[in-house]
Participant: 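I have a structure here, written as structure tokens, and I will follow up with some questions on it.
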Amino acid sequence: MGSSTNYPLLSQIDAPADLRRLPESQLGALAAELRAYLLESVSQSGGHFAAGLGTVELTIALHYLYNTPEDRIVWDVGHQAYPHKVLTGRRDRLHTIRQWGGLAPFPKRDESPFDTFGVGHSSTSISAALGMAIAGRQLGIDRRAVAVIGDGGMTAGLAFEALNHAGDLGIDLLVILNDNNMSISPNVGALSNRFAQLLSGKFYATVKEGSKRVLSNVPSVWELARRAEEHVKGLIIPGTLFEEFGFNYIGPIDGHDLHALVATLRNVHELRGPQLLHVITRKGKGYAPAEADPVKYHGVTPFDPARGIVPSTKAAKPTFSRIFGDWICDMAALDQRLVAITPAMREGSELVRYSHEFPERYFDVAIAEQHSVTVAAGMACDGLKPVVAIYSTFLQRAYDQVVHDVCAQNLPVLFAVDRAGLVGADGPTHNGSYDLSFLRCLPNIVIMAPADENECRQMLYTGYTLHQPAVVRYPRGTGTGVTVEQEMRALPIGKAELRRQGEGVAILAFGTLLDMALGVGEELDATVVNMRFVKPLDEALLLTLAATHEVFVTLEENVVAGGAGSGVSELLIARGVDQPVLHYGLPDRLIQHGGREDMLRDAGLTAAEFRDFIRSQLERRRRRPARSA
């Protein structure tokens, strides 16, 4: 990917040690090469794009001044870590990112010693870097720890919990707030860059501490000086909040001015205690289409850099997310009580149209999954009908709130759980592998898994009509292409659908794997049931089938441990029915990133493997000697 002629400086960088041998005067040219390389590579392979363009200079400055990997740099989430991967020995493999067997989409500890902490979920960086700083101090190791967190990541409670702890400890820790929510404004220029360098310098720190010692003997004068400093800094810089946490606030600084970055970071490196450096960057920096629409260019499929992303003219089947987006607009038009809540996933959850049509009933709570659930519970207490649109992997972060604030109080909150099952290129951190297991054990909750797009719409309506917590979990991508009925009707709670009558084996399919179950059912002449409900189960149908079938086989895109199939076994045991049940679903290991078909194949969730599993299990059972009376 790219020749040494095109990238004369970048081609020399196989590790940060090579970078540190360059004179500072060449760093600007290196940044230009790195940005061009990212455009060339990601436009061919796809991947996270705009965020990485915005952190080119910051990444270079950090690896230039810090002795990585001995010094620890923790990237929050990791969307912005592509430049980091390029500079840490993975340049020639960047084109494989997010592909099966290729580079991981986010920093990953077993991929490189420079990836100090595995990430993928937001707002973990400060806690992790603080833990590393504590470990270094406890072990007597002289090393630095740096957390790089975005302004979005800073909206989560976890980030503030870590700030509070770090400030209390007074430990050496640098938090870099990468603020890319806005373009660089006029007040972030030469003057504020110089001001940041002054605030980070030894002279300011020495004078500040010396003044404290002198003036502390004259309480009234010291209090006047302290208040004056706070008010002046409050007028010039937005750092008062971080100073209240015990951090020395520095900035804001232009994150694309390498000279200012290097000078300020060099000063900060010499300071002791918790430091917060506020850096202003621009997502998509250096590529005009991405600067103009960073959301569109956040994660991309391959595109032509000369033309940018061109919308497909093909008529595509609607995704499950789009089914939800259409349903919630239709439902909101019918019921003024409906409110929609999302933890910073408006585009992914297809709530853009809703946010425009019903702005007064739309609540994006930022990256605050716990809050999204509890605020929904509060709304439900006082007569609203909240719908929480959330990815399966992010619902994990709000589990305590689902248990105590919603289910324990039996409140009518509808959870539209997107990205259930295997999601593809984002890999293990984003797979929705566990939601059936951790939700099924909760009281008062109804859980539904649609087999197709129309069933998804009807289940959303069904859950909305209930006076108790309800979940509809659906996968990423498109379904089978069935016609979606505009009419909404409530399904009978806990009732499955017999889709094929066979003999011997009854396949109980939960969710969109029904099509695969029907194909295998044809081959084996097996009965196939679209279970629809994970909780409650269709007890009457299961007991009837148990009396006429040799064995049940459950099928789900969730881990087998504690999943929907486990619920079937528990029901039969509780009713005293001695019915063999085989469980088939995601294995007890992480499924790595790649195309969805690659992941399904790795998990064994293909028709051929499912058919062979049933045949081998039946053969084994038939060879087993009968038990004596």
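Remember, predicted model here, so these are calculated numbers, not experimental data. The first residue in the sequence is number 1, and the count goes up from there.
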Participant: Using 4.0 Å as the upper bound for N to carboxylate O, is an ion pair formed by E570 and R440?
Facilitator: yes
Participant: Could you tell me if the side chain of M448 sits less than 4.5 Å from the side chain of L460, heavy atoms only?
Facilitator: no
Participant: Would you compute the distance between atom CZ of R611 and atom CZ of R615 and round it to the nearest 0.5 angstrom?
Facilitator: 5.0 Å
Participant: Let's go through S349 and D418 carefully: what are the C-alpha distance in whole Å and the side-chain angles of both, what is the deciding distance for side-chain hydrogen bond (donor to acceptor under 3.5 Å, both in side chains) to 0.1 Å, and is it a yes or a no?
Facilitator: CA-CA 7 Å; S349 295; D418 201 338; 4.7 Å; no
Participant: Can a donor-acceptor pair be found between the side chains of D515 and T480 at a distance below 3.5 Å?
Facilitator: no
Participant: State the CG-CD1 distance between N454 and I323, to the nearest 0.5 angstrom.
Facilitator: 8.5 Å
Participant: Does the N530 side chain pair with the main chain of F510, one donor and one acceptor, at a distance under 3.5 Å?
Facilitator: no
Participant: Give, for atom CG of D525 and atom CD of Q501, the distance between the pair rounded to the nearest 0.5 Å.
Facilitator: 9.0 Å
Participant: Would you check, one step at a time, whether the test ring-ring contact (aromatic ring centres under 6.0 Å, His included) holds for F106 with H79?
Facilitator: CA-CA 7 Å; F106 310 108; H79 296 135; 5.6 Å; yes
Participant: For S125 and V148, which heavy atoms make the closest approach, and how far apart are they?
Facilitator: OG-O, 3.9 Å
Participant: Just one of E350, R419, E347, R476 clears the side-chain hydrogen bond (donor to acceptor under 3.5 Å, both in side chains) bar with S321, so which one?
Facilitator: R419
Participant: Look at atom CG of D588 and say whether more than 12 heavy atoms of other residues, nucleotides or ligands are closer to it than 6.0 Å.
Facilitator: no
Participant: How close do D364 and P343 get, heavy atom to heavy atom, and via which atoms?
Facilitator: OD1-C, 4.1 Å
Participant: Side chain to side chain contact (heavy atoms under 4.5 Å, CB included) between L351 and F324: does it pass, once the steps are laid out?
Facilitator: CA-CA 9 Å; L351 281 171; F324 165 73; 3.8 Å; yes
Participant: Taking the side chain as every heavy atom from C-beta outward, state whether P580 and Q617 have any pair of such atoms under 4.5 Å apart.
Facilitator: no
Participant: Grab the two heavy atoms, one from H430 and one from V423, that are nearest each other, plus how far apart they are.
Facilitator: O-CG1, 3.3 Å
Participant: Would you check if D115 and H84 make a side-chain contact, meaning some heavy-atom pair closer than 4.5 Å?
Facilitator: yes
Participant: Parallel, tilted or perpendicular, judged at 30° and 60°: which one describes the rings of H298 and H48?
Facilitator: tilted
Participant: Are the side chain of E556 and the backbone N or O of G565 linked by a donor-acceptor pair below 3.5 Å?
Facilitator: yes
Participant: I'd like to know if K317 pairs up with E453 as an ion pair, taking the criterion as any Lys NZ or Arg NE/NH1/NH2 lying under 4.0 Å from an Asp or Glu carboxylate oxygen.
Facilitator: no
Participant: Give a yes or no on whether the backbone of G567 and the side-chain of K535 come within a donor-acceptor separation of less than 3.5 Å.
Facilitator: no
Participant: For E557 and R596, run salt bridge (Lys or Arg N to Asp or Glu O under 4.0 Å): C-alpha distance rounded to whole Å, both residues' side-chain angles, the deciding distance at 0.1 Å, then the answer.
Facilitator: CA-CA 12 Å; E557 198 171 331; R596 178 168 159 78; 2.7 Å; yes
Participant: Do D538 and F533 have side chains that approach each other closer than 4.5 Å (heavy atoms only, starting at C-beta)?
Facilitator: no
Participant: For a 4.5 angstrom cut-off between non-hydrogen side-chain atoms, does L543 reach L572?
Facilitator: yes
Participant: For A561, is there any backbone N or O sitting under 3.5 Å from a side-chain donor or acceptor partner on S437?
Facilitator: yes
Participant: Side chains of S45 and L94, heavy atoms from C-beta outward: is any pair under 4.5 Å?
Facilitator: no
Participant: Is a side-chain N or O of T548 found less than 3.5 angstrom from the main chain of L545, in a donor-acceptor match?
Facilitator: yes
Participant: Could you tell me which non-hydrogen atom of S122 sits nearest to which non-hydrogen atom of V77, and how far apart they are?
Facilitator: CA-CG2, 3.4 Å
Participant: Hey, what's the ring geometry for Y584 with F613, parallel, tilted or perpendicular (30° and 60° as the breaks)?
Facilitator: tilted
Participant: Apply the test ring-ring contact (aromatic ring centres under 6.0 Å, His included) to residues F358 and Y362: give CA-CA distance (whole Å), side-chain angles for both, the deciding distance (0.1 Å), then the verdict.
Facilitator: CA-CA 6 Å; F358 305 96; Y362 168 72; over 10 Å; no
Participant: So which of L582, L513, I614, T527 actually passes side-chain contact (heavy atoms from CB on, under 4.5 Å) with I507?
Facilitator: I614
Participant: Applying side chain to side chain contact (heavy atoms under 4.5 Å, CB included), run through L586 and L605 and close with a yes or a no.
Facilitator: CA-CA 8 Å; L586 297 179; L605 287 177; 3.5 Å; yes
Participant: When you compare the side chain of R322 with that of D326, does any pair of heavy atoms fall below 4.5 Å?
Facilitator: yes
Participant: Should H371 and T155 be marked as a side chain to side chain contact (heavy atoms under 4.5 Å, CB included) after you check the CA-CA gap, both sets of side-chain angles, and the distance that decides it?
Facilitator: CA-CA 11 Å; H371 171 63; T155 63; over 6 Å; no
Participant: Tell me whether R500 contacts the main-chain N or O of L518 through its side chain, where contact means a donor paired with an acceptor under 3.5 Å.
Facilitator: no
Participant: Is there a donor-acceptor pair under 3.5 Å between the side chain of R361 and the backbone N or O of A332?
Facilitator: yes
Participant: Under the 3.5 angstrom rule, does the side chain of N558 hit a backbone N or O of L436 as a donor-acceptor pair?
Facilitator: yes
Participant: Could you tell me whether the side chain of Q409 and the main chain of D405 form a donor-acceptor pair under 3.5 Å?
Facilitator: yes
Participant: Between CZ of F438 and CD of Q396, what distance do you get to the nearest 0.5 Å?
Facilitator: 5.0 Å
Participant: Take F114 and K85 through the side chain to side chain contact (heavy atoms under 4.5 Å, CB included) test and state the conclusion after the steps.
Facilitator: CA-CA 9 Å; F114 293 92; K85 292 194 181 230; over 6 Å; no
Participant: Restricting to non-hydrogen atoms, name the atom on I367 and the atom on G153 that form the minimum distance, rounded to 0.1 Å.
Facilitator: CD1-N, 3.9 Å
Participant: If we only count heavy atoms from C-beta on, is the Q458 to E485 side-chain gap below 4.5 Å?
Facilitator: yes
Participant: Give a yes or no on whether the backbone of N444 and the side-chain of Q468 come within a donor-acceptor separation of less than 3.5 Å.
Facilitator: yes
Participant: Which value, rounded to the nearest 0.5 Å, describes the distance between L395 atom CG and F415 atom CZ?
Facilitator: 6.5 Å
Participant: For the CZ atom on R353, are there more than 12 heavy atoms of other groups (residues, nucleotides or ligands in this structure) within a distance under 6.0 Å?
Facilitator: yes
Participant: Any idea which heavy atoms bring N410 and P469 closest together, and the distance?
Facilitator: OD1-CD, 3.2 Å
Participant: Distance from D452 atom CG to R457 atom CZ, nearest 0.5 Å?
Facilitator: 13.0 Å
Participant: Is any side-chain N of the basic residue among D602 and R589 closer than 4.0 Å to the acidic one's carboxylate O?
Facilitator: yes
